[in-house]
**Student:** 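Sharing a structure with you now.
We count residues from 1, following the sequence as given.
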Amino acid sequence: MARLEGPFLCGTLLGFVCLSAPVLAVEVTVPAEPLSTPEGTTAELTCTYSTSVGDNFALEWSFVQPGKPISASHPILYFTNDHLYPTGSKAERASLLQNPPTGGVATLKLMDVRPSDTGTYLCHVNNPPDFYTNGLGLINLTVLVPPSTPSCSQSGSTSVGGSAALRCTSSQGAPSPVYSWVRLGSFPTPSPGSMVQDEVSGQLILTNLSLTSSGTYRCVATNQLGTASCELTLSVTGVSEGRVAGTLIGVLLGILLLSVAVFCLIRLQKERKKPKETYGGSDLR
């Protein structure tokens, strides 16, 4: 409790004598550090206050989603007139550590926390006619969620000398997971100059592919609560295989063209060997 002694105002103001009176200040204290707790557990948001609790004492807890202003907060519960009133979507999971909260402790308990509970919580103590020095406390809560099983995919040219992009993404995870790629088996890992890995996006770029780049690659997503992984098989096509296919197609086309040419030549020769018809003068009547 803070007590401020006002100065004695000896004089007349609008015909009344002004006298000093002790003034009380509402002080709310919350942890300075953000709070984090795993999904499914109970979170305790510590809030204490100092004031002389009277008939007008009121406590309110409210919540605002990440990225939104304090003015967009929604009430969770409030205590007034010696009664506790939970409200809103969190009503069934919200309670006070001490009820009634008239002993200086206004800590909020939130059971079975979910990812949607991540945000800022406001502890607001009001006790007229006490004035505010700091009647509002803010607590940032993060609900920790392990990474979900990521999805692996690939794109790009998988022929020798080409470049391929391997991608890995988890749809859930808080804080956001970081990603790392490893190659399975006894094959050598691609040289650092031929691979670029982004731990945030989960992308692995492989350049200047060779036949030895073929193999199984595993992506591991990791955060504070655990890991999850997926695997992808990369098959690099050799240049020699492409050349054989091209040569075979060329030979077949050549045979086809040669066959057409021979057919046309034979037909032309047959046309030339046909006897020419002659007509004598004695045949005319």
Side-chain angles (χ1 to χ4, degrees), residues 1-9 18-145 174-175 224:
M1 179 188 306
R3 180 182 296 270
L4 303 178
E5 298 292 343
F8 284 95
L9 301 180
C18 299
L19 302 177
S20 68
V23 180
L24 302 179
V26 178
E27 292 281 354
V28 171
T29 304
V30 295
E33 297 297 324
L35 176 66
S36 60
T37 188
E39 180 183 17
T41 61
T42 297
E44 289 192 2
L45 286 69
T46 302
C47 177
T48 60
Y49 65 88
S50 62
T51 187
S52 77
V53 175
D55 294 338
N56 296 324
F57 173 83
L59 165 68
E60 180 183 5
W61 275 97
S62 55
F63 168 77
V64 60
Q65 295 177 338
K68 292 190 176 181
I70 299 300
S71 58
S73 62
H74 300 282
I76 299 173
L77 59 79
Y78 57 95
F79 178 89
T80 184
N81 298 325
D82 295 327
H83 287 86
L84 182 65
Y85 301 95
T87 184
S89 60
K90 307 180 193 299
E92 295 183 356
R93 299 183 292 121
S95 62
L96 291 175
L97 184 63
Q98 293 185 7
N99 187 22
T102 53
V105 177
T107 298
L108 175 71
K109 289 178 62 178
L110 189 62
M111 299 183 296
D112 188 24
V113 293
R114 306 161 185 176
S116 59
D117 293 329
T118 294
T120 301
Y121 290 77
L122 289 69
C123 177
H124 186 195
V125 176
N126 188 16
N127 190 35
D130 294 359
F131 76 95
Y132 297 102
T133 55
N134 186 22
L136 179 66
L138 277 63
I139 302 175
N140 291 317
L141 172 67
T142 299
V143 178
L144 305 178
V145 180
Q224 294 176 234

**Student:** Could you tell me if the side chain of Thr46 sits less than 4.5 Å from the side chain of Val30, heavy atoms only?
**Tutor:**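 Contact flag for Val30/Thr46 side chains = no.
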**Student:** How close do Lys90 and Ser116 get, heavy atom to heavy atom, and via which atoms?
**Tutor:**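 Smallest heavy-atom distance, with atoms named: NZ-O, 3.9 Å.
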**Student:** Sequence neighbours left out, what passes side chain to side chain contact (heavy atoms under 4.5 Å, CB included) with Ser89? Give chain and number order.
**Tutor:**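 In terms of side chain to side chain contact (heavy atoms under 4.5 Å, CB included), with neighbours along the sequence ignored, Ser89 is linked to no residue.
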**Student:** Enumerate the residue pairs fulfilling ring-ring contact (aromatic ring centres under 6.0 Å, His included) with a member in residues 35-58, sequence neighbours excluded, ordered by first and then second residue.
**Tutor:**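 Every pair satisfying ring-ring contact (aromatic ring centres under 6.0 Å, His included) with a residue in residues 35-58: Tyr49-Phe57.
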**Student:** Of the non-hydrogen atoms in Thr51 and Val26, which two are nearest, and what is the gap between them?
**Tutor:**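 What the structure gives for the nearest pair is OG1-CG2, 3.9 Å.
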**Student:** Is any side-chain heavy atom of Ile139 closer than 4.5 Å to one of Leu108?
**Tutor:**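 The answer is no, as the side chains (C-beta and beyond) never meet within the 4.5 Å cut-off.
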**Student:** In Å and rounded to the nearest 0.5 Å, what is the CG to OG distance from Leu77 to Ser95?
**Tutor:**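 If I round to the nearest 0.5 Å, the distance is 8.0 Å.
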**Student:** Tell me the closest heavy-atom pair linking Pro175 and Leu144, and the distance in Å.
**Tutor:**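 That would be CD-CD2, 3.6 Å.
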**Student:** Considering non-hydrogen atoms only, spot the tightest contact between Glu44 and Leu35 and give its length.
**Tutor:**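 In this case the closest contact between Glu44 and Leu35 is O-CD2, 3.6 Å.
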**Student:** To the nearest 0.5 Å, how far apart are CG in Asn56 and CG in Asn81?
**Tutor:**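 CG of Asn81 is found 8.5 Å from CG of Asn56.
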**Student:** Look only at the side chain of Arg93 and the backbone of Met111, and say whether a donor-acceptor pair between them is shorter than 3.5 Å.
**Tutor:**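 Yes; judged by distance alone, with no hydrogens or angles, the pair exists.
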**Student:** Mind checking side chain to side chain donor-acceptor pair (under 3.5 Å) for Thr37 and listing every partner two or more places apart, or none if nothing turns up?
**Tutor:**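 Listed in chain order: Thr41.
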**Student:** First locate atom CD1 of Ile76, then atom SG of Cys123, and finally report the distance between them rounded to the nearest 0.5 Å.
**Tutor:**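 Between atom CD1 of Ile76 and atom SG of Cys123 there are 10.5 Å.
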**Student:** Partners of Ile70 by side chain to side chain contact (heavy atoms under 4.5 Å, CB included), sequence neighbours excluded?
**Tutor:**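 Partners of Ile70 by the side chain to side chain contact (heavy atoms under 4.5 Å, CB included) criterion, ordered by chain and then number, come out as Val64, Leu122, Leu138.
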**Student:** Is there side-chain contact between Leu110 and Asp117, with heavy atoms separated by less than 4.5 Å?
**Tutor:**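 Side-chain contact under 4.5 Å: yes.
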**Student:** Provide the full list of side-chain hydrogen bond (donor to acceptor under 3.5 Å, both in side chains) pairs with a residue in residues 58-75, sequence neighbours left out, each pair given once.
**Tutor:**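 Counting only pairs at least two positions apart or across chains, the side-chain hydrogen bond (donor to acceptor under 3.5 Å, both in side chains) contacts touching residues 58-75 are Gln65-Lys68.
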**Student:** Give me the atom names and distance for the closest heavy-atom approach of Val145 to Pro115.
**Tutor:**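 Result for this residue pair: CG2-CG, 3.7 Å.
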**Student:** So which atom in Asn127 and which in Ser52 form the shortest heavy-atom distance, rounded to 0.1 Å?
**Tutor:**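 What the structure gives for the nearest pair is ND2-O, 2.6 Å.
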**Student:** Applying ring-ring contact (aromatic ring centres under 6.0 Å, His included), which residue pairs with at least one partner in residues 79-98 are found, sequence neighbours left out?
**Tutor:**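 Pairs touching residues 79-98 that pass the test: Tyr78-Tyr85.
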**Student:** So, do Leu45 and Cys47 sit near enough that their side-chain heavy atoms are less than 4.5 Å apart?
**Tutor:**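 No, every pair of side-chain atoms sits at 4.5 Å or beyond.
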**Student:** Quick one: pull up NZ in Lys109 and CG in Leu96 and give me the separation to the nearest 0.5 Å.
**Tutor:**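 Spacing of NZ (Lys109) from CG (Leu96) equals 10.0 Å.
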